[in-house]
Every structure is written in C-alpha cells, then in structure tokens.
Amino acid sequence: MKKTFVRGLSLALALSVPTTSAFAQSPIHPNDFASETDTEAIYEEMKKLSIDELQAYISECADYSESIQSNDTNVAAAKSAWIAAAAVASKKGYPLSATIVVSSVGDNDYSEVNGQFAKAIKKTSIYDSMVKNGSGPNIFTKSMNPDLFYSIHKFDYSTSGGGSGARLRVHDVFDFEMDTTYEDLFTTIINDAGYLMEWAHVLNEIDINIYMDI
C-alpha cells in the first residue's frame with residue numbers, strides 16, 4: 001500500500017498540477033502519512049517540482065478541500081499541502097525549517113548527530129559561548145541565521161562527557177500553533193498561506209534534539 005501510494009503520487013506530480021480528478025483517482029488518506037518513511041518519500045517527490053508547480057499543487061489542495069465534505073480527506077490533503085510548502089521552503093533557502101515541518105506532519109520527533117543542524121549551529125556567533133558555558137537557554141536570531149531562527153529559535157542546551165568525547169545537545173519543542181515565527185516564514189513564501197494556517201493543527205508537537213561533538 002505504501003509503495004503504491006508513493007508511485008501514485010509520483011505520477012500525479014509528473015503531471016505538474018494535480019487536478020481534482022487526479023485526487024479522486026488516487027485519494028490521499030491519513031494512513032498514508034503514518035510513518036516517517038512515507039512522509040520523507042513524499043517530500044523527496046515534492047522536491048522534484050519547481051516552486052511554481054509546488055505553489056499550484058498547494059492551491060489545488062485548497063480547492064479540493066473546499067469541494068468535499070470528508071474531514072479525513074481534507075486532513076490528508078492539508079498534510080500533502082504542508083509537505084509541498086516544506087519543499088518550497090527548502091528551495092527558498094530554508095532546508096532546516098523544511099525538515100522540521102516534514103517531521104511534524106509525520107508526527108516524528110527529530111534527532112540528529114553531527115548533521116545539517118549541527119553544521120549550521122557551529123557557524124553561529126554563539127556556538128563558542130555555548131561550548132564554554134556548557135548549558136543554559138539561548139536563542140538563534142534572524143540576523144545570525146534565518147533558517148535556525150525559523151526552525152528552532154529559542155532553545156536550551158547541555159553538555160555531556162568531557163575532553164575529546166564531549167557532546168553538546170540542543171533541545172527545542174516545536175509547536176506551530178504556539179510559535180508565530182513559523183507562521184511569518186510561510187505567509188511570506190507560500191501563495192495559499194491562508195489555507196495552510198487554517199490547517200496548522202495537522203502539524204504535531206515534536207521534540208527536536210541536535211547532538212554535536214565538540
């Protein structure tokens with residue numbers, strides 16, 4: 001079922017702009033978003049589209065939601081639209097923010113060790129002081145790194161181990177409905193931002209844990 005869904009979505013995406021009939025032939029159900037693998041696979045397919053095609057796809061999701069009465073299908077269409085919005089964000093220079101949205105859609109906590117977030121954090125002006133202080137609260141500002149600002153913003157950090165085995169942990173809780181920073185990002189880059197904001201509740205609260213060797 002999962003592989004069939006991804007293949008079906010690939011076909012719809014190949015048509016550039018899915019129509020209402022395309023949705024009807026390959027309906028998107030909430031169960032298709034049950035695992036991180038599914039969500040990531042859909043995201044990878046979405047990233048193959050241009051920004052204009054993704055914007056059109058989001059608009060089609062909005063139009064489709066207005067034409068049906070099924071809440072389950074509306075939710076599924078909204079999730080699909082959010083993944084498309086994440087793909088737009090990535091193409092616009094916000095891959096970290098996109099990663100968190102995709103994880104949130106799939107209801108998957110995000111964790112990495114020496115990954116893309118760690119690389120970005122180590123280039124910020126506060127990294128050295130974080131290593132020196134060892135723990136505490138802090139904040140990424142927009143001037144420091146816009147992508148970290150939108151994806152994490154306020155956070156707490158702690159250090160474990162010592163010497164060459166020391167590791168820094170950055171922790172945050174993502175809750176879109178409580179954080180207007182994300183709303184600011186997506187209302188800026190998405191044409192149907194109103195539709196996404198209306199369906200912000202399909203995003204789930206998730207924990208973000210970034211580990212990096214120091």
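Please read all numbers here as calculations on a predicted model, not as lab measurements.
Applying the side-chain hydrogen bond (donor to acceptor under 3.5 Å, both in side chains) criterion to Glu44, with sequence neighbours excluded, gives Lys47. Residues forming a side-chain contact (heavy atoms from CB on, under 4.5 Å) with Ser50 (at least two apart in sequence, or on another chain): Asp52, Glu53. Listed by chain and residue number, nothing satisfies the side-chain hydrogen bond (donor to acceptor under 3.5 Å, both in side chains) test with Tyr182 (two or more places apart in sequence, or in another chain).
Taking the side chain as every heavy atom from C-beta outward, Asn209 and Asp109 never approach each other to under 4.5 Å. Ile206 is not listed as a side-chain neighbour of Val173, based on a closest heavy-atom distance of 4.5 Å or more. Taking 4.5 Å as the limit, some side-chain heavy atom of Leu96 sits within range of a side-chain heavy atom of Leu148. Between Thr187 and Met197 the shortest side-chain heavy-atom distance falls below 4.5 Å. A heavy-atom distance below 4.5 Å is found between the side chains of Ile190 and Gln55. Annotation: side chain of Leu168 is not in contact with side chain of Tyr211 (no heavy-atom distance under 4.5 Å). With a 4.5 Å cut-off on side-chain heavy atoms, Asn138 and Asp156 do not count as touching. Between Trp199 and Asn74 there is a side-chain heavy-atom pair separated by less than 4.5 Å.
The CD atom of Glu183 sits 10.0 Å away from the OG1 atom of Thr188 when rounded to the nearest 0.5 Å. Atom CD in Glu40 sits 8.0 Å away from atom CG in Asn108 (nearest 0.5 Å). Atoms NE2 and OG, on His171 and Ser111 in that order, are 10.0 Å from each other to the nearest 0.5 Å. The line from OG of Ser80 to CD of Glu60 is 11.5 Å long, rounded to the nearest 0.5 Å.
The shortest non-hydrogen separation linking Asp172 to Ile152 is OD2-O, 3.0 Å. Between Ala89 and Ala98, the shortest heavy-atom distance links the atoms CB-CB, 4.4 Å. Scanning all heavy atoms of the two residues, the minimum distance from Ser59 to Asn191 falls at OG-ND2, 3.5 Å. Between Ile58 and Ala84 the shortest heavy-atom distance is CG1-CB, 3.7 Å. Between Ala85 and Phe186, the shortest heavy-atom distance links the atoms O-CE2, 3.6 Å. Across all non-hydrogen atoms, the minimal contact from Trp82 to Val101 is O-CG1, 3.8 Å.
For residues 192-214, the salt bridge (charged side-chain N to carboxylate O under 4.0 Å, His left out) pairs, not counting sequence neighbours, are Arg167-Asp213. For residues 85-97, the set of pairs meeting the side-chain hydrogen bond (donor to acceptor under 3.5 Å, both in side chains) definition, not counting sequence neighbours, comprises Ser97-Asp147. Listed by first and then second residue, the side-chain hydrogen bond (donor to acceptor under 3.5 Å, both in side chains) pairs that reach into residues 122-134 come to none, sequence neighbours excluded.
Grouping the Ile, Leu, Val, Met, Phe, Trp and Tyr side chains by contacts below 4.5 angstrom, directly or via other members, places Ile210 apart from Val113. Side-chain heavy atoms closer than 4.5 Å link hydrophobic residues (I, L, V, M, F, W, Y) into clusters, and following such links, even through other members, never connects Ile100 to Ile139.
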request  = List the steps, then state whether side-chain hydrogen bond (donor to acceptor under 3.5 Å, both in side chains) holds for Tyr110 with Thr99.
outcome  = CA-CA 9 Å; Tyr110 181 79; Thr99 295; 5.5 Å; no
query = Between Thr159 and Met130, does a side-chain contact (heavy atoms from CB on, under 4.5 Å) hold up when you go through it step by step?
reply = CA-CA 9 Å; Thr159 306; Met130 289 166 61; over 6 Å; no
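Side chain of Thr181 to main chain of Tyr150: no donor-acceptor pair is present (N/O by atom type, distance under 3.5 Å, no hydrogens or angles). Here the side chain of His153 pairs a donor or acceptor atom with the backbone of Phe140 at under 3.5 angstrom. Side-chain atoms of Glu112 come within 3.5 Å of backbone atoms of Phe117 as a donor-acceptor pair (strictly under, hydrogens ignored).
Aromatic ring orientation, Phe155 versus Tyr157: tilted (interplanar angle from 30° to 60°).
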